[in-house]
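Take a look at the structure below.
Both counts, for ligands and for their atoms, begin at 1 and track the order of listing. Only this structure's heavy atoms are used, side chains among them; waters, hydrogens and symmetry mates stay out.
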Amino acid sequence: MAEIEALLKEERIFYPPQEGKDQAYINSRYQYDQIYDYSLRDPDGFWSERAKELITWFKYWDRTCYWDFHKPEIRFFEGGKLNASYNCLDRHLFNPDVKNKAAIIWQGEPDQDVRVYTYQMLHDEVCRFANILKFLGVKKGDRVAIYMPMMPEAVAAMLACARIGAIHSVVFGGFSAEALKSRILDAGAKLLITADGTYRGGRRINLLHNAETAIADCECVEKYLVINRFGDALTLSDERGILFDDLIKNKDFAKYCPYEEMDAEDILFILYTSGSTGKPKGIFHTTGGYLVYTAHTTQWVFDVRPEDIFWCTADIGWITGHSYIVYGPLALGATVFMYEGVPTYPDPGRWWELVDRYKVTIFYTAPTVIRALMREGEEWPAKYDLSTLRVLGTVGEPINPEAWIWYHKNVGKGRIPIVDTWWQTETGGHLISPLPYAIPQKPGSATLPLPGIEAVILRADGTPADVNEGGHLCIKRAWPGMARGVWGDPERFKEIYFSRFPGYYLTGDGARVDEDGYFWIMGRLDDVINVSGHRIGTMELESAFVAHAAVAEAAVVGMPHDIKGEAIYAYIVLKEGFEPSEDLKKKLVQHIRKEIGPVATPDVIQFVSGLPKTRSGKIMRRILRKVAAGVYDDLGDTSTLADPSVVEEIIQGRKEIF
Ligand code: PRX
């Protein structure tokens with residue numbers, strides 16, 4: 001509540017800096033307005049110019065944009081031919097200024113682990129990888145699951161798939177074997193690419209065990225390929241396993257591999273994300289539109305120039321890693337800095353020390369990281385020279401003005417812009433964000449829709465909301481980077497995003513627009529919790545809870561949390577014969593970590609004798625959310641509850657926990 005009040009009161013404005021303006025792609029509000037108007041007036045003209053300027057096509061398209069949100073059908077650059085790997089690699093080799101510059105500078109968590117790949121080197125590595133994929137029987141259209149830590153091979157694996165037209169499905173390393181298994185099965189992946197593990201906070205995290213457990217029940221997986229991160233001798237438990245190092249020792253794989261000419265609307269990748277229904281959905285993106293859109297937003301939103309060192313701290317397993325570590329920056333021929341470890345190890349100055357050491361110029365992270373580092377004190381960023389930075393970014397959740405100001409002052413030294421980028425797995429790239437040298441920033445606001453994006457706020461009845469009135473954030477027209485579907489389930493795509501307000505894409509977020517046209521995102525309106533910028537479906541958690549032998553019923557809600565934004569709060573009704581205990585709580589936490597993964601670790605488990613339900617049996621989540629937040633008086637109308645006394649019990653139980 002205090003947070004929302006702070007947002008409502010926020011009135012500070014920060015103007016783009018003069019320094020850097022002259023070279024910027026878009027450098028005034030006037031220029032933005034002109035481009036924005038043009039993009040809506042003539043989307044064909046606007047998108048075809050961007051597509052020709054940013055991407056190399058083997059053949060131009062016959063039709064630039066086509067969409068019908070009623071069906072839904074979305075197609076961009078139809079009939080066009082291109083290859084994403086060619087665009088991220090080969091074409092740069094013709095440019096003497098890019099060929100030998102660093103594509104990826106990788107720093108492992110142990111200080112001595114550093115690797116630099118020039119564009120030429122990355123090209124060769126990707127080609128070799130693509131030849132390995134072919135050798136293992138992977139063909140155009142096959143699905144390849146990637147379960148990898150933050151290491152350059154993860155990028156090479158993705159681009160190798162793109163090169164031969166295979167569809168990658170990257171699964172975040174923080175997901176459990178169970179979660180990996182369900183994603184592999186849903187996509188019908190033929191190959192799994194994984195590694196033995198990764199370093200995190202000074203510890204070794206094992207991935208191979210999860211990978212091998214996952215594939216034990218996956219008949220579709222013909223082989224799994226294991227990259228060696230730790231350098232120890234490895235034994236694989238399943239005969240389908242192949243060690244990458246053995247493979248290249250015994251056979252010479254050429255450093256050149258021809259690229260497939262892909263149709264613009266051929267699928268580039270699948271990425272699973274959570275929604276309000278139990279099962280995560282495989283969002284898929286297509287080659288032409290996605291590549292144009294990520295290159296376009298990387299260029300304008302971060303104002304990337306040839307000499308920049310761009311650090312996006314996201315994991316490759318999320319859409320942010322796909323779009324702003326891999327496809328966007330590499331398509332532009334930029335230098336990407338990639339780091340394996342966490343921000344607080346060996347101390348809370350680690351990331352600032354890396355900015356200093358590698359002379360990072362653009363830094364893109366999540367509000368939860370800023371809040372965590374803020375708690376550690378101003379002295380950490382103050383220790384290092386951060387003067388190379390010129391653009392800062394945030395993503396993943398609303399940023400509270402206090403964290404925005406801290407970031408601006410302590411990291412940006414009060415002199416550089418912050419781009420608060422609002423977008424989603426489904427949108428492929430940024431939709432609402434400041435352009436750093438053009439749009440004045442208000443802390444906590446993602447500011448204005450990017451060119452080509454028509455964002456509106458609708459009331460529950462579908463009419464447009466007034467200025468400052470909260471409502472459903474919807475998008476009225478298609479853009480090249482938008483998802484084309486849910487893998488294997490076209491009906492679900494329609495149902496989730498296009499049915500509630502016909503003719504609009506429903507984002508699932510609440511927002512308001514202020515008197516200056518600035519957007520203020522208020523968080524999810526559906527049953528999705530945003531924990532440290534990670535999207536977790538409450539239904540997914542609930543079905544995992546009830547899969548445990550002791551649990552009869554479960555209701556999960558988000559609870560405000562200082563660092564994480566939201567924490568996971570679970571109300572649990574036990575089956576007959578099970579008694580509440582601290583030990584059982586621990587077991588349930590372990591159970592969730594096993595079913596979904598450490599990302600979904602519940603913060604609070606409260607045992608209750610029943611859940612507040614209406615007489616028709618619907619759980620009143622509104623009440624559960626308020627109680628979880630420690631708000632006991634303003635519970636609204638409880639007279640429709642089948643048994644109003646459970647509310648009192650729930651409040652008492654909450655008080656005992658805190
Ligand atoms: O609720 C919004 C929040 O993150 C959701 C999308 O999550 P995901 O698909 O995992 O993608 C995260 C990275 C793009 C959105 O529906 N969100 C993302 N960025 C912001 C945000 N909320 C407020 N401000 C943002 N800048």
Side-chain angles (χ1 to χ4, degrees), residues 3-4 7 10 170-172 174-175 270-276 280-285 290 293-294 297-298 301 312-325 327-328 364-371 392-401 403-404 407 418-434 441-450 455 470 472-475 481-483 486 496-497 505-512 518-538 540 558 564-566 599-600:
E3 208 34 53
I4 291 178
L7 270 180
E10 188 53 53
V170 183
V171 179
F172 174 54
F175 280 119
I270 305 173
L271 188 58
Y272 285 82
T273 187
S274 296
S276 5
K281 45 189 186 255
I283 293 296
F284 64 81
H285 284 279
Y290 175 80
Y293 200 70
T294 50
T297 46
T298 306
V301 172
C312 163
T313 70
D315 190 280
I316 218 100
W318 306 112
I319 191 70
T320 310
H322 282 55
S323 301
Y324 300 111
I325 295 177
Y327 290 106
Y364 188 35
T365 196
T368 186
V369 172
I370 299 164
R371 288 192 298 265
L392 300 176
T394 73
V395 59
E397 42 170 334
I399 181 163
N400 45 317
W404 195 102
Y407 194 31
I418 298 181
V419 291
D420 174 355
T421 62
W422 176 86
W423 59 296
Q424 312 175 294
T425 304
E426 295 88 339
T427 71
H430 311 137
L431 293 199
I432 304 178
S433 169
Q441 297 122 50
K442 300 185 189 183
S445 168
T447 77
L448 301 173
L450 295 177
H472 296 265
L473 174 60
C474 295
I475 315 292
M482 83 183 291
V486 172
I496 299 170
Y497 304 105
Y505 164 76
L506 175 72
T507 67
D509 277 357
R512 70 178 169 94
Y518 275 43
F519 283 72
W520 298 78
I521 311 295
M522 293 147 82
R524 302 286 307 188
L525 291 176
D526 53 8
D527 295 323
V528 169
I529 321 184
N530 191 328
V531 184
S532 302
H534 300 156
R535 232 166 112 168
I536 300 173
T538 52
E540 204 178 331
K564 300 179 180 184
E566 276 188 293
V599 277

field: Distance-only donor-acceptor check, side chains Tyr290 and Ser323, under 3.5 Å
entry: yes

statement: Shortest non-hydrogen pair, Pro401 vs Pro443, comes out as CG-O, 3.9 Å

message: Would you say Thr421 and Tyr364 are linked by a side-chain donor-acceptor pair, where the criterion is simply a distance under 3.5 Å?
response: yes

task: Run the salt-bridge test on Glu566 and Arg524 with the 4.0 Å N-O cut-off and return the result as yes or no.
output: no

- prompt: Can you name the residues that come within less than 4.0 Å of ligand 1, going by heavy atoms only?
  reply: Ile319, Thr320, Val395, Gly396, Glu397, Pro398, Asp420, Thr421, Trp422, Trp423, Gln424, Thr425, Asp509, Ile521, Arg524, Asn530, Arg535

- prompt: Listed by chain and number, what are the side chain to side chain donor-acceptor pair (under 3.5 Å) partners of Thr447, not counting sequence neighbours?
  reply: none

field: Residue of the set Leu506, Thr507, Thr427, Ile432 for which side chain to side chain contact (heavy atoms under 4.5 Å, CB included) holds with Ile475
entry: Thr507

